[in-house]
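Only a predicted model underlies this, so the values are computations on that prediction, with no experimental measurement involved.
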2 protein chains.
Amino acid sequence: MPSLSNFGERLLTAGMSHPLGVRQAQKQKTRQAFLDAALVLLEEQSLSSLGLREVTRAVGVAPTAFYRHFPSIADLGVELVKEALDSLHPLIGSTASAEGDRAERCARAVDLIAGHVEAYPAHVRFIAREWHGGVQPVREAIRRQLARFAEEVKVALAQHPESEGWSDEDLLMLAGLYVDQMLMTASQFLVALESSPEERDRVVRVTTQRLLLIDIGRDHWND
Amino acid sequence: MPSLSNFGERLLTAGMSHPLGVRQAQKQKTRQAFLDAALVLLEEQSLSSLGLREVTRAVGVAPTAFYRHFPSIADLGVELVKEALDSLHPLIGSTASAEGDRAERCARAVDLIAGHVEAYPAHVRFIAREWHGGVQPVREAIRRQLARFAEEVKVALAQHPESEGWSDEDLLMLAGLYVDQMLMTASQFLVALESSPEERDRVVRVTTQRLLLIDIGRDHWND
DNA sequence: GGAGTCAGTGAACAACTGTAACCACAGGCG
DNA sequence: CGCCTGTGGTTACAGTTGTTCACTGACTCC
């Protein structure tokens, strides 16, 4: 009986990753502690200057323990990319499939971005910073994932009736423009966050107008 | 007679900064050596991880000599921002005042950007990297300068006949969009530089289309 | 021509870095 | 139950870092 239940527990059952052995559970816990601590430290520096010891110190663990979880800081960074962009992923779905009036759609998109930035500022800061940052594998990971996002947006756009007569390449161009614009907007909210609420309002206004202009361009693309 | 010529030399005569004392000239020379060396080192790391000793070693000078020129690495960074964005400045002038057909104008703008990136890749990489980077004073310096660029573009746009009926705020919004798009384009050329020439062509196509779409949106803004 | 300024040197500092070897001990498995 | 695996701890090492201080010697100025 106990051997049977143990057997079931240590399987990484699809969809239910929770019931792991106590051992594995503890490991993932400290692993997550590394990721969280790193994210905090990265709020005021970039990954290429983040020290291994700095992270372990923040977690409250021996320096060498780091190697049990990541081969290097760069790999920790790649993992953070996954985490951060996974949290951003649902956002692109709901913005791409928004309904209603043009102005409403744009305003709603900006609102969603603002909400996300205020919910996960550290994640957003990390992505914005390392997007062009000094650690090549991390840069590549971000670029790859953003390319996937653009691909997704393209598919979503293709289903809209406004996209009739659009070539596949042009749709991807527009999708990329949206994705990039989303990140730029998020970054602007980031700086507005540590400024006045009036600045936040200004950013809302400006970025909404930007989206509007792009949307208008989209409507008259095939003239 | 010699005292008279010396007197003239050591004045920082307006417009002619060349005839300084031998002393000052040598100082500015090593100062420039610091900036150049730093720029090279920054091609594969970000400023927040750039060490003082690393720079002095590259210049071939004692570590302490650094302090004769900059109080800290961050100040070196701010100076690099000036240098890099000054080299980028003429570009925004010539793109904003471009003439001709819409497609021609956009293609020419992309061409100018591509040319600049290939002429000063290190400058562009530095700006793109530190734009959201980990050193606050540098970030601020870049943002301030980019805001000035946007202001300039706004003024240039206002003179165009297409800008009739545009509010000042909307013009600034458009100008900011152009400036940001310019940097994003430059960054994309940067990654294309260390890739295939076909990738470069793809970037040319996509970014030109992006500008075109924005330009179309501009035309139909007041409908 | 003599005094003074100052860019650059060299040695020394305490603090820090990544990483290696070895050890302890709790959880998992037969 | 007892053996083994493996997370995490400990100690140590060799380099590196930023910054200080007193110094030299060439250039500048009167």
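Residues passing the ring pair (Phe, Tyr, Trp, His ring centres under 6.0 Å) test with A:Phe149, sequence neighbours excluded: A:His89. The side chain to side chain contact (heavy atoms under 4.5 Å, CB included) test applied to A:Asp111 returns no partner, not counting sequence neighbours. Checked against ring pair (Phe, Tyr, Trp, His ring centres under 6.0 Å), B:Phe34 has the following partners two or more places apart in sequence or in another chain: B:Phe66, B:His69. B:Arg57 is linked by a side chain to side chain donor-acceptor pair (under 3.5 Å) to nothing, counting only residues two or more places apart in sequence or in another chain. Here B:Pro90 pairs with nothing under the side chain to side chain contact (heavy atoms under 4.5 Å, CB included) rule; sequence neighbours left out.
To the nearest angstrom, P of C:dG8 lies 11 Å from CZ of B:Phe70. Spacing between atom CZ of B:Phe66 and atom P of D:dT19 amounts to 9 Å, rounded to whole angstrom units. In this entry the distance linking CD of B:Gln28 with P of C:dG8 reads 12 Å, nearest Å. If you measure from atom CZ of A:Arg57 to atom P of C:dC16, you get 7 Å, rounded to the nearest angstrom. In this structure, the NZ atom of B:Lys29 is 11 Å from the P atom of C:dG8, given to the nearest Å.
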Atom pairs under 3.5 Å: protein N/O with N/O of nucleotides 12-15 of chain D:
none

Please enumerate all protein N or O atoms sitting under 3.5 Å from an N or O of nucleotides 5-8 of chain D, with distances to 0.1 Å.
| from | atom 1 | to | atom 2 | distance (Å) |
| --- | --- | --- | --- | --- |
| D:dG6 | N2 | A:Arg23 | NH2 | 3.4 |
| D:dG6 | N3 | A:Arg23 | NH2 | 3.4 |
| D:dT7 | OP1 | A:Lys27 | NZ | 2.9 |
| D:dG8 | OP1 | A:Thr30 | OG1 | 2.8 |
| D:dG8 | OP2 | A:His69 | NE2 | 2.4 |
| D:dG8 | N7 | A:Arg68 | NE | 2.9 |
| D:dG8 | N7 | A:Arg68 | NH2 | 3.2 |
| D:dG8 | O6 | A:Arg68 | NH2 | 2.7 |

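Across residues 40-52 of chain A, A:Gly51, A:Leu52 each have a non-hydrogen atom less than 4.0 Å from an atom of DNA chain C (numbered order).
Under 4.0 Å is where a charged nitrogen must lie from a carboxylate oxygen, and between B:Lys154 and B:Glu151 at least one such pair does. Salt bridge status for B:Lys82 with B:Glu79: present, with a side-chain N to carboxylate O gap under 4.0 Å.
Using a 4.5 Å heavy-atom threshold, the side chains of B:Leu80 and B:Leu42 count as touching.
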Once Watson-Crick and G-U wobble pairs under 3.5 Å are found, how is DNA chain D written in dot-bracket notation, 5' to 3', with | for any base paired to another strand? |||.|||||||||||||.||||||||||||
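Applying the salt bridge (Lys or Arg N to Asp or Glu O under 4.0 Å) test to every pair with at least one member in residues 60-76 of chain A, sequence neighbours left out, gives no pairs at all.
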Would you be so kind as to tabulate the donor-acceptor pairs closer than 3.5 Å made by side chains of residues 171-181 of chain B, with sequence neighbours excluded?
| from | atom 1 | to | atom 2 | distance (Å) |
| --- | --- | --- | --- | --- |
| B:Tyr178 | OH | B:Asp215 | OD1 | 3.2 |
| B:Asp180 | OD2 | A:Arg210 | NH1 | 2.9 |
| B:Asp180 | OD2 | A:Arg210 | NH2 | 3.0 |

Please output the side-chain donor-acceptor pairs of residues 199-208 of chain A that fall under 3.5 Å, not counting sequence neighbours, one pair per line with the distance.
| from | atom 1 | to | atom 2 | distance (Å) |
| --- | --- | --- | --- | --- |
| A:Glu199 | OE1 | A:Arg202 | NE | 3.2 |
| A:Glu199 | OE2 | A:Arg202 | NH2 | 3.1 |
| A:Arg200 | NH1 | A:Glu118 | OE1 | 3.3 |
| A:Arg200 | NH1 | A:Glu118 | OE2 | 2.3 |
| A:Arg205 | NH1 | B:Glu169 | OE2 | 2.4 |
| A:Thr207 | OG1 | A:Val203 | O | 2.7 |
| A:Thr207 | OG1 | A:Val204 | O | 3.3 |
| A:Thr208 | OG1 | A:Val204 | O | 2.5 |

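Rounding to the nearest 0.5 Å gives a distance of 8.0 Å between CG of B:Leu183 and CG of B:Leu85.
Counting heavy-atom neighbours within 6.0 Å of B:Arg108 CZ, excluding the residue itself, gives a total of 12 or less.
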